[in-house]
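This report refers to the structure that appears directly beneath it.
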There are 2 protein chains.
Amino acid sequence: MGITIRDVARAAGVSAAAASTALSGAKGASTRVSPETRRRIADKARELGYVPHPHARSLATRRAGALGLVFPYVQAFADQNPFCNGIMVGVLEEAISEHQNLMLFTAAAEDGETPVDGVIVSPRVDGLILVLPRPGSSVLEHCKAKRFPCVTVVHQTEDPEECSINADDFRGGRLATEHLIALGHRRIAHLMGSQHISSSAPRRLGYETAMADAGLPVEPPMLVQAGFDWADGTRGLERLLELPPKERPTAVFAANDLCAVGMLRRMHALGLRAPDDFAVVGYDDTWLAETANPPLTSVRMPIREMGMAATRMLIARLKGDPISERQPVLPVSLTVRKSTNAIHRDAPRSGDPQVASVEEDRSSQRDH
Amino acid sequence: MGITIRDVARAAGVSAAAASTALSGAKGASTRVSPETRRRIADKARELGYVPHPHARSLATRRAGALGLVFPYVQAFADQNPFCNGIMVGVLEEAISEHQNLMLFTAAAEDGETPVDGVIVSPRVDGLILVLPRPGSSVLEHCKAKRFPCVTVVHQTEDPEECSINADDFRGGRLATEHLIALGHRRIAHLMGSQHISSSAPRRLGYETAMADAGLPVEPPMLVQAGFDWADGTRGLERLLELPPKERPTAVFAANDLCAVGMLRRMHALGLRAPDDFAVVGYDDTWLAETANPPLTSVRMPIREMGMAATRMLIARLKGDPISERQPVLPVSLTVRKSTNAIHRDAPRSGDPQVASVEEDRSSQRDH
DNA sequence: GTGAAAGCGCTAACAC
DNA sequence: GTGTTAGCGCTTTCAC
């Protein structure tokens, strides 16, 4: 805002170059400055309230000193999506501690064209963190074509070169399912996530693997195409209730917390209770899970850590540091709450009788 | 990333200056370019994939083309705070539509010193949006001292020059209280927000005004110093339960949804029910209110709109447009849900008998 | 209508 | 150790 390095230099009776090297701590600079002069310059700078112009510096050093964080769309931040929030916290924390500034972008199309090319992938930032829940992103292609440094988050890729942070979706699906199996459930349904989101498939695979490992069949009606929304849980439940009582599941692994809560609420409205009528597991372990009624068992992803990991990896790339693991898969865990925690009564028995007895339970609960 | 305006100029057989004016649409530029040349330049630019270097441009034009959004601390983004989220959505949406980039900062102290001075208030951005829930901010002082353009959000100020977006906290407190009064409640408590947050006082004043207008007394035990956290609601309830039954309130206006839900959960644990034992009103109308058990009546602030308004005002200031209203107060509303919606039984009666009958209700509910 | 020249504020190379 | 010089990529007078 007015006061430049030349003003400082003049005040300290040195050249601009001397001031520059003195102030920017330059280690490898060829222009050396005596400790005493350095002190004088620093004093004057503080005195004058000098603050370097970041863009001028960027222009000269060819480094922006800023990172970009790209979300798929603006509404990604809407209240209902704690995931984006968590990623942002992680990224911001790490960026700050590494003295990098953070710019926020969305890859939302404007007039049908992604503004990405010129706006995002530019020397405005040194690198990008791309949150890409669905495959096929023009931003990413652009980055790769231009060899612009970037790290993706929740992006399924086949490119071994790509730097990508993921959570262990397969394991998450498996964990949820194994938990239900351990409680004695045999008929377990899965309300699957949207097909356009890449994490849906591995979670489903985890579910199927757990079932297979336990020697349990997965009949087609147990796989319900749902989604990540409230309403998907409601519809999913209705789909399950259309089945003849004997064929209904006793437990459900939902696409995420929102979906699970949608289901729980509909259950509530119909006089059904978890875990007695259906045991329910969610995904994400947001505080939606904590506050649900009953509190919801849910798979937890280390969201904030994912943001931090992405940022660290990006910065390492920018520094040219070696990257040990280009596509780390962060561990998930299961938080058990009341929506599943009762041992399913008929655990030791097998097959049909169990279903019937569950039906009895249901009627006895309903009037409660 | 390599390709400069000179490359474009050379390719089109013109000077860099011509290319510059042609490409940046320059209206008032003295360097005119014929429509035909202009087209040729534009074509070449596209062909070469030219994208102007934003920092070089900023340096020359002295405008950064970016806005800064400052939150008080990193954890402001934690899952539990949909407010920051909402503000961000609003700001981001508006910034994008105005072709401004957005940088994210926190005013968190690092090593006890705010990094603000040099980092945030700098030509890196053209102006700042400061979310300042508590009075006294060094960033803000800094901005004012340097006449750096900024707009505050949720900041109580006495400076008529300050641009500041607020919600009508007074009206919010009043609305909540009037609603409870209309339902027949006479003993209404207020779990007050933290004293360090500037919105607490006007909300309390709204509560007191509504009570006074209805001719209802506010006895000291009805004003409980709580806060914006879960635990504050729990503690608040316990404080109220310490009162002799006859002196307890029949309704509570809580500092915010989190506080209200903390209270509701504790009530639940103690076998108490809303609205029968205590009618409860929250604040913010987050989806915490929607999902609460029972769903929570809450005062809604137009959070996203506040973010948008702040951004619009900042941009107007930067453009030098006249600003009609420097400190707009955005309207709030009340979303009524089950935590209050029953008419209080003893509405027509008065005073003590009512309290007694509530006590009876309580015991009948407890064993349910 | 177009080009040459100067400069935004900073850093990096090189000479002394 | 320190100063001089030459850009980083762009815009903007001003002369032609």
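Here is the naming used below: chain letters follow the sequence lines, and residue numbers restart at 1 for every chain.
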Interatomic distance where CZ belongs to B:R10 and C1' belongs to C:dG3 [whole Å]:
15 Å

From CZ of B:R124 across to C1' of C:dC10 the rounded distance in Å is 13 Å

Rounded to whole angstroms, how far apart are CZ on A:R57 and C1' on C:dG9?
11 Å

Contacts of type ring-ring contact (aromatic ring centres under 6.0 Å, His included), residue B:H55, not counting sequence neighbours:
A:H55, B:H53

Expressed in angstrom and rounded to an integer, what is the separation of B:I5 atom CD1 from D:dC8 atom P?
14 Å

Considering heavy-atom distances to DNA chain C, does B:R62 or B:R40 have its closest nucleotide positioned more toward the 5' end?
B:R40

Of B:S34 and B:T61, the one whose closest DNA chain C nucleotide lies more 5'
B:S34

Atom pair distance, as rounded to whole Å: CD1 in A:I41 and P in D:dG1
13 Å

Among C:dA4, C:dC10, C:dG7, which nucleotide sits nearest the side chain of B:A60?
C:dG7

So does A:D7 pair up with A:R10, basic N to acidic O under 4.0 Å?
yes

Spacing of A:H53 atom NE2 relative to C:dT11 atom P, expressed in whole Å:
11 Å

Compare the minimum distances between each of C:dG3, C:dC10, C:dG9 and the side chain of B:L59, then state the nucleotide with the smallest one.
C:dG9

Taking any heavy-atom pair under 4.0 Å as a contact, classify B:R6: base, sugar-phosphate, or nothing.
base

Should A:E93 and A:R304 be marked as a salt bridge (Lys or Arg N to Asp or Glu O under 4.0 Å) after you check the CA-CA gap, both sets of side-chain angles, and the distance that decides it?
CA-CA 9 Å; A:E93 271 183 27; A:R304 188 167 137 276; 3.1 Å; yes

Show the numbers, then the answer: is there a salt bridge (Lys or Arg N to Asp or Glu O under 4.0 Å) between A:E47 and A:K44?
CA-CA 5 Å; A:E47 199 178 311; A:K44 282 297 174 196; 3.5 Å; yes

Report the C-alpha distance between B:Q327 and B:T157 in whole Å, list the side-chain angles of each, state the deciding distance to 0.1 Å, and finish with yes or no for side-chain hydrogen bond (donor to acceptor under 3.5 Å, both in side chains).
CA-CA 9 Å; B:Q327 302 181 355; B:T157 182; 5.1 Å; no

From the list D:dC10, D:dT12, C:dC10, which nucleotide is the closest neighbour of the side chain of A:A56?
C:dC10

D:dG9, OP1 or OP2 - any side-chain N/O from B:T4 closer than 4.0 Å?
no

Take the protein atom CG of B:L23 and the nucleotide atom P of D:dC10, then report the distance between them rounded to whole Å.
10 Å

Separation of C:dG9 atom C1' from B:H55 atom NE2, nearest Å, is 13 Å

If you look at every strand shown and take non-hydrogen atoms under 4.0 Å, does A:T37 touch a base, only sugar-phosphate, or nothing?
sugar-phosphate

